[in-house]
Amino acid sequence: MSCIIVSSIPLIFCFIMLGITCTVIDTVGGQPSYSGFISIDCGISSDSTYIDSITSIPYVSDDQFINTGVKANISSNYITSALERQLSTLRSFPDGSRNCYLLNVTQGEKYLVRASLMYGNYDGQNRASVENPLLFDLYLDYNLWRIVKITDAAEVHRPESIFVASADTVSVCLIKSGTGIPFISALELRLFDRNLDPYTNETQTVALTYRYNVMPTTNRSIRFPDDIYDRIWEPFTWHSDWNMISTTSSVRSNFGNYFKPPSAVMQTAATPTNSSHLLFQFDYVNMGALVNQFYFVFHFSELVPNTTRAFNIDLNGNYWFKNCSPPYLVATFVCSAVPDSDSLHYQWSLDSSGVSQLPPILNALEVFTPIYHTNVPTDSGDVDAITTIMGRYQLEKNWIGDPCAPKEYAWDGLSCSYNSNSTNIETVILSSNALTGVISDDFGMFKQIKYLDLSHNNLTGKIPNVLGTLSSLRVLNLSGNNLSGSVPDSLLQKSLNESLILILEDNPNLTCTNGTPCKLTAEIGKAKKIPILVIVMTVCVVVIVVFLLVFFFVRRRKAKSTGGTLKLKARPFTYLELKKVTNNFENLIGKGGFGNVYRGSLSDGTPVAVKARSQSSEQGTKQYFAEVQHLIRIHHKHLVSIHGYCMEGNYMALVYEYMANGNLNDHIIGKTVSDITSDWKKRLQIVIEAARGLEYLHHGCTPPLVHRDVKSTSILLNEKLEAKIADFGLSKAIQNDTSNVRTADSLLSRGIQYGVTNTTASDVAGTPGYVDPEYCSTLEYSEKSDVFSFGVVLLELITGQPPILKAVPDGMSYIVNRMHEMLRRGNIDAIIDSRLQNIYDINSVRRTADLALQCTSDVPSERPTMTEVITELNESLKLQTSHERTINFESNDSLQTRTNEISQSSAPEIEEFSSLSAR
Ligand SMILES: *[C@@H]1O[C@H](CO)[C@@H](O)[C@H](O)[C@H]1NC(C)=O
Ligand SMILES: *[C@@H]1O[C@H](CO)[C@@H](O)[C@H](O)[C@H]1NC(C)=O
Ligand SMILES: *[C@@H]1O[C@H](CO)[C@@H](O)[C@H](O)[C@H]1NC(C)=O
Ligand SMILES: *[C@@H]1O[C@H](CO)[C@@H](O)[C@H](O)[C@H]1NC(C)=O
Ligand SMILES: *[C@@H]1O[C@H](CO)[C@@H](O)[C@H](O)[C@H]1NC(C)=O
Ligand SMILES: *[C@@H]1O[C@H](CO)[C@@H](O)[C@H](O)[C@H]1NC(C)=O
Ligand SMILES: *[C@@H]1O[C@H](CO)[C@@H](O)[C@H](O)[C@H]1NC(C)=O
């Protein structure tokens, strides 16, 4: 049972203020004042303002408080004469997961903030229903304020909270967390008295659950100017057997009343008609609060003169407050001193006590719930630093609210460390942000910074010494600027003792200690003989960082979309976003070495495949980096494209375009039946497309790439049965420098440019059956290794058989050997896939077979290039096409006959091969 009276705060007592006659209604020139109010009607045109006809409060447009989102009007079906003006327009936020309004406040003052939301089918989509509610989150600064759940388009939601400002601004953030596009109709801020609402202080915020005017004279809510703080008192009529009593005399609140209910609310009250009990109940489930913890506040005032009224208050049958006897025309209250929390139902009963001449009364009531501060706000020093820097370099970013909290919505370009007692900025990436001027000393204010990237800006002047004092700094990338002067010794020293990776390339006028131009981190390797392992590890770190930087770089490029060199659209996803994209990883469509692949769709409906790294996948990390590195760099019609990536702690995932028709192998073997299964021409077209993708890798992009894992399962098909090469996890850049002497320099520059780590034994590429024999013996790879594998794919396409047949004696188990043997016997027909039902031209197939054998030659130099492969395949296609044209002139009958003939004479089954080779 909770109780009421607290010693430290004189919260309650009926009668306590009896006899004190001072009036507390604040008035300015006789009129209540709305100074200290900010009243925003979201979605009205940008410079319009108006005076609300009910409250006489002036409202302004939200344009000066936010620059994201789109304005909308509710559907005309929901516009009625009774509709408040603010509800007819709104602003919705289809883009971005976090959008914030920023309001100016005075630190230390107490405020009421209230959002109003009415869906009104503004988008014509009828999204709000009981079955499919519209769901999203509201945050007040960095704390969850309300989970908005809308089930009815006409329903008005008014989340309200009372808080003490902890800074000079407060942010109200709408966060896409559920199924709905967030929106808001109005936002109001009201300055409170500091001693109003005893539940709110510097460390505690409350949200309003109910505020009721009991038994009102009208159905209208009471608010400003009747309530000088513009609280909204909704009408509350519980029972038909309640009577209203009222007075025309005003009811005053004296200075000891911590709630100061307006007189208009207190002038009416409920009293039971025929009994001495006033009963009512609240149900936790229906109260919409984040926690089952409630502060109840009951307001009483005697409205009948010269009488004695006294009653007890029970909660769920237990004594809560005894002998309350309200004073005449003076507002008093009884309230919870600590939250009531031990029930799902709060059954209240007000019962006359002995001496009473009249039954109990109730004038008004309020219910609040605490908002717990679950996120530790970002360290104020770090906040100062980042906001100073934002102003200093005039960064145009959607940086509003707390930089690091809530964690899922940290500012873009930052990452943070979260401890129980502090939250600090750890990574600042401002690469390619067109920063100009000198490097500000403010960067020295980040006490816990580990990664600082200011590369590819127009920064000039000296590198400030203060950067050398940042004890946690691990990576400093200043490359691609116009810095000059000499690098501070403190930085060079850290770089030498390997506690700092210092990247200074492309600053022509920067000098190192001896006055010579600085190159890059490789300096370390020269200065000291560091074991190769250390360098390799360093390279990995650099690679990871560079990888991150590349993303941000790409993102920036994308954001600016200045039509530059990169036309890429890869973006980072958070784990939560991916969870949403894949509908909680519901639709598993494949499994690979890296992990599971799930089907999903982006918010705009674009279907995607999400490849999530499984925790057990050891090679995962490296392949992940390689794949992302390559995919964001290359872009070709016949290479699968990437929508984004996710790297959150250990969790890694890639988001690809969705390839509706799976992999080529499934079509060849008939697991998925399509034209490819039965039509030779279609098979040729598919491999030509795949060959184009590979040709681009080998000859079209800089630096060229070797795929290293070409096989029929890494050729994917989209809904139009167009082929694209996938699985870049093992791809490598081809070095022009063929020297095998791997100096720190060459390793680093390779690492930095291409994100390639060194070759190790565990790094052996490829899939058995497709791997070039040369590679197997030397571990040397070249584009010719891909050509070999591609030749194997051609052989699969011709024979419909896997590269390696089990249960076949050694010599013949391998597809290349089988093909050689059949051709030696001049028996091409015998090896052709029996699934090829339609007409094929035997010369076209033969020509393709010859090409496949050339591709799979043991000697790499004898293999054609991919360009030559395409030319040759096109010749095969021409043969097939002209053959079909000839056939079409013939009669249907003969066509039928020919088809039968062919299918009868076509490929023997596996058994036949074993007997064949046994001979
Ligand atoms: C909303 O309605 C007003 C008045 O009819 C119109 O001027 C305005 O363009 C509408 N706004 C939108 C976003 O449709
Ligand atoms: C908020 O305060 C800042 C700084 O005083 C001022 O520049 C800005 O215009 C104010 N914003 C609004 C909407 O009043
Ligand atoms: C704020 O209020 C809470 C709950 O009433 C109380 O526990 C806390 O000590 C108060 N903090 C301050 C700074 O007064
Ligand atoms: C209440 O009683 C007092 C004296 O006890 C009297 O002066 C006053 O007029 C009475 N008020 C009403 C409204 O009857
Ligand atoms: C915060 O907590 C960490 C350990 O979690 C501790 O090392 C550090 O001293 C604490 N800092 C403060 C300011 O309490
Ligand atoms: C850097 O400055 C130079 C000269 O001031 C200018 O030509 C160039 O466009 C700037 N680059 C960026 C990225 O702002
Ligand atoms: C480097 O310094 C020289 C001479 O001080 C100057 O002429 C040149 O413009 C500088 N280069 C850059 C890129 O700032």
Side-chain angles (χ1 to χ4, degrees), residues 2-12 35-50 58-67 69-79 83 85-94 100-111 113 118 120-124 143 161-172 181 183-185 187-189 191 194-207 258-259 291 293-297 335-341 368-373 387-388 390-391 394 400:
S2 56
C3 203
I4 325 116
I5 299 145
V6 208
S7 49
S8 56
I9 320 170
L11 279 187
I12 23 275
S35 68
F37 286 12
I38 297 177
S39 310
I40 303 168
D41 186 345
C42 306
I44 61 172
S45 63
S46 74
D47 38 14
S48 65
T49 62
Y50 63 85
Y59 280 75
V60 299
S61 153
D62 58 348
D63 279 300
Q64 53 182 310
F65 302 94
I66 197 159
N67 47 27
V70 291
K71 297 176 183 180
N73 293 336
I74 62 166
S75 150
S76 55
N77 301 349
Y78 294 94
I79 295 187
L83 188 76
R85 181 161 177 184
Q86 294 81 44
L87 299 176
S88 63
T89 60
L90 54 85
R91 183 180 289 262
S92 74
F93 301 93
C100 301
Y101 282 85
L102 194 63
L103 306 176
N104 283 349
V105 290
T106 306
Q107 183 172 4
E109 291 290 351
K110 194 177 280 189
Y111 293 89
V113 62
M118 177 177 146
N121 196 20
Y122 72 86
D123 53 3
N143 292 305
S161 177
I162 300 167
F163 67 96
V164 174
S166 60
D168 288 336
T169 54
V170 62
S171 61
V172 171
I181 293 174
F183 70 88
I184 184 166
S185 312
L187 184 60
E188 297 163 325
L189 187 79
L191 178 62
R194 268 186 233 202
N195 60 359
L196 203 64
D197 192 303
Y199 300 128
T200 308
N201 60 28
E202 283 74 6
T203 57
Q204 179 163 315
T205 301
V206 296
Y258 290 91
F259 299 94
V291 289
Q293 296 195 1
F294 299 99
Y295 292 107
F296 291 93
V297 184
C335 68
S336 313
V338 295
D340 288 293
S341 61
F368 299 96
T369 182
I371 293 182
Y372 289 106
H373 295 206
T387 39
T388 314
M390 183 160 67
Q394 303 189 335
I400 290 181

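Order of listing sets the numbers, starting from 1, for every ligand and every atom in it.
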Determine the interplanar angle of the Phe259 and Tyr199 rings, folded into 0 to 90°, and report it as parallel if under 30°, tilted if 30 to 60°, perpendicular if over 60°.
tilted
Taking the six-membered ring of Tyr59 as reference, does the cationic atom of Arg85 (NZ for Lys, CZ for Arg) lie under 6.0 Å from its centre and within 45° of its axis?
no
Indicate yes or no: does an N/O atom of Thr203 lie under 3.5 Å from an N/O atom of ligand 3?
yes
Are Tyr295 and Pro370 close enough that some pair of their side-chain heavy atoms sits under 4.5 Å apart?
yes
Search all heavy atoms of Ser336 against all heavy atoms of Phe294 and return the closest pair with its distance.
OG-O, 4.0 Å
Show the atoms of ligand 2 that are less than 4.0 angstrom away from any heavy atom in Asn104.
1 (C), 2 (O), 3 (C), 8 (C), 10 (C), 11 (N), 12 (C), 14 (O)
Do ligand 3 and Asn201 have nitrogen or oxygen atoms that lie under 3.5 Å from each other?
yes
Neighbouring protein residues of ligand 1 - any heavy atom closer than 4.0 Å
Lys71, Ala72, Asn73
Atoms in ligand 2 flagged as close to Gln64, the criterion being non-hydrogen separation under 4.0 Å
13 (C)
Is Asp62 salt-bridged to Lys71, cutoff N-O under 4.0 Å?
no
Determine the minimum heavy-atom distance between Ser161 and Ile371, stating which atoms define it.
OG-CD1, 3.8 Å
One finds that the ligand 3 atoms under 4.0 Å from a non-hydrogen atom of Gln204 are 3 (C), 4 (C)
So, taking the atom named CD1 in Ile74 and the one named CE in Met118, what distance separates them when rounded to the nearest 0.5 Å?
4.0 Å
Restricting to non-hydrogen atoms, name the atom on Asn104 and the atom on Leu189 that form the minimum distance, rounded to 0.1 Å.
O-CD2, 4.1 Å
